[in-house]
Amino acid sequence: MAFDRSVKIAPSILAADFANFGAECRAIEAQGADWVHVDVMDGHFVPNITFGPATCAAIRPHIRGVMDVHLMIAPVDPFIAAFVDAGADILTAHVEAGPHVHRTLQAIRAAGARAGLALNPGTPATAAAPLLDLVDLICVMTVNPGFGGQSFIESQVPKVAELRGMIGDRPIHLQVDGGVDVRTAPAVARAGADVLVAGSAVFRGGSAQAPAVYGENIRAIRAAASGVYV
Ligand code: DX5
Ligand code: ZN
């Protein structure tokens, strides 16, 4: 299949009902989510803890499409096999998570997943330059990782544009993560992002029992990213 650079909405289940992940994943996909974004936090690399490979494996059967696993953990390497076995299609590690990110990206691909590289807001775009041949996705953090519902950091928009230029024709997705909503989506889409992660802005106001709201929220973000306001 040809590489798809059209805008994709990836709801982050960090904003879902943690007691109901299976139904939440089914609901967002039924309501138009392109990918499901899964935030793994260890209380060490980031000041919050979510869940690990066992939870990823448990929700995998409830996701038909792409399971996009964002590892906010350090170290990464000892856990790669467990997350790939859990069914991650894309496994994203942070450039800041250790001294050997090049090896980490090689190991992710060798384990059979697509490899993602995440950059914290304080990390320049050039950190990705030596790694472009090893990545399938670059994630620009538009908040400091650890929590949902934070404010979008505007200074990251030029970094998205810079990375888009660096990527050129390579089949690398450019993802933005944090504070993405109808107000911020146009700028990141214009800067060249093709995967928009959104937690609060997708799950706000809905539930697995009232999933139509998820659909409205997803459509509104997609429309904003396309320059159409609804
Ligand atoms: C932040 C996570 C994000 C987060 C986004 O550490 O990586 O995926 O869930 O949440 P919102 O969209 O609420 O900023
Ligand atoms: Zn994330």
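On a predicted model such as this, the values are computed, not experimentally measured, just so you know. Counting starts at 1 for both ligands and their atoms, following the listed order. Keep in mind that the numbers below use all heavy atoms, side chains included, and drop hydrogens, waters and symmetry copies.
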Problem - Atom CZ of R5 with >12 non-hydrogen neighbours under 6.0 angstrom - result: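 Buried by this count: over 12 neighbours within 6.0 Å.
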
Exercise for the section: Answer yes or no: are there more than 12 heavy-atom neighbours, outside R64 itself, under 6.0 Å from its atom CZ? Expected result: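 Incorrect, the count does not exceed 12.
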
Looking only at protein heavy atoms, which one is nearest to [atom], and what is the separation?
atom                    : answer
atom 6 (O) of ligand 1  : G146 N, 2.8 Å
atom 1 (C) of ligand 1  : F147 O, 3.7 Å
atom 9 (O) of ligand 1  : S12 OG, 3.0 Å
atom 10 (O) of ligand 1 : G148 CA, 3.7 Å
atom 13 (O) of ligand 1 : S200 OG, 2.4 Å
atom 14 (O) of ligand 1 : G179 N, 2.8 Å
atom 12 (O) of ligand 1 : G199 N, 2.7 Å

Problem - Per atom 7 (O) of ligand 1, closest listed option by heavy atom (V197, V176, T142, D177) - result: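 The nearest heavy atom belongs to D177.
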
Report yes if some heavy atom in the side chain of [X] is under 4.5 Å from a heavy atom in the side chain of [Y]; otherwise report no.
X    : Y    : value
H102 : P130 : no
R114 : L137 : no
L132 : I138 : yes
R109 : D136 : yes
T126 : E162 : yes
L14  : M41  : yes
V140 : L119 : no

At less than 4.0 angstrom from any non-hydrogen atom of [X], what atoms of ligand 1 do you find?
X    : answer
P145 : 6 (O)
G149 : 11 (P), 13 (O), 14 (O)
M41  : 6 (O)
A198 : 12 (O)
G178 : 14 (O)
L14  : 4 (C), 9 (O)
M141 : 7 (O)
H37  : 8 (O)

Exercise for the section: Might you work through the side chain to side chain contact (heavy atoms under 4.5 Å, CB included) test for F203 and I28, ending with a clear yes or no? Expected result: CA-CA 9 Å; F203 286 92; I28 52 175; 3.6 Å; yes

Exercise for the section: Not counting sequence neighbours, which residues clear salt bridge (charged side-chain N to carboxylate O under 4.0 Å, His left out) with D42? List them please. Expected result: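 Testing D42 for salt bridge (charged side-chain N to carboxylate O under 4.0 Å, His left out), a comparison that skips the adjacent residues, returns none.
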
Problem - Positive for side-chain hydrogen bond (donor to acceptor under 3.5 Å, both in side chains) with D68, one of H173, K8, Q175 - result: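 Considering H173, K8, Q175, a side-chain hydrogen bond (donor to acceptor under 3.5 Å, both in side chains) with D68 is found only for Q175.
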
Practice task
Look at the rings of F45 and H94 and say which category their plane angle falls in: under 30° parallel, 30 to 60° tilted, over 60° perpendicular.
Solution key: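 Ring orientation of F45 relative to H94: tilted.
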
Practice task
Give every protein N, O or S atom lying under 2.8 Å from the Zn ion (ligand 2), naming each by residue and atom.
Solution key: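 The answer is H37 NE2, D39 OD1, H70 ND1, D177 OD2.
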
Problem - N or O contact, Q150 vs ligand 1, cut-off under 3.5 Å - result: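 There is no such contact.
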
Practice task
Compute the shortest N/O to N/O distance between N144 and ligand 1 and return yes if it is under 3.5 Å, no if not.
Solution key: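 No.
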
Handout entry: Counterpart residues, side-chain contact (heavy atoms from CB on, under 4.5 Å), relative to F21 (two or more places apart)
Key =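 side-chain contact (heavy atoms from CB on, under 4.5 Å) check on F21 returns I13, A16, F18, F51, T55, I59.
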
Exercise for the section: Please write out which residues are connected to I153 in a hydrophobic cluster, directly or through intermediates, given that two of Ile, Leu, Val, Met, Phe, Trp, Tyr count as joined at side-chain heavy-atom separations below 4.5 angstrom. Expected result: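 Taking Ile, Leu, Val, Met, Phe, Trp and Tyr as members, I153 stands alone, with no cluster partners.
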
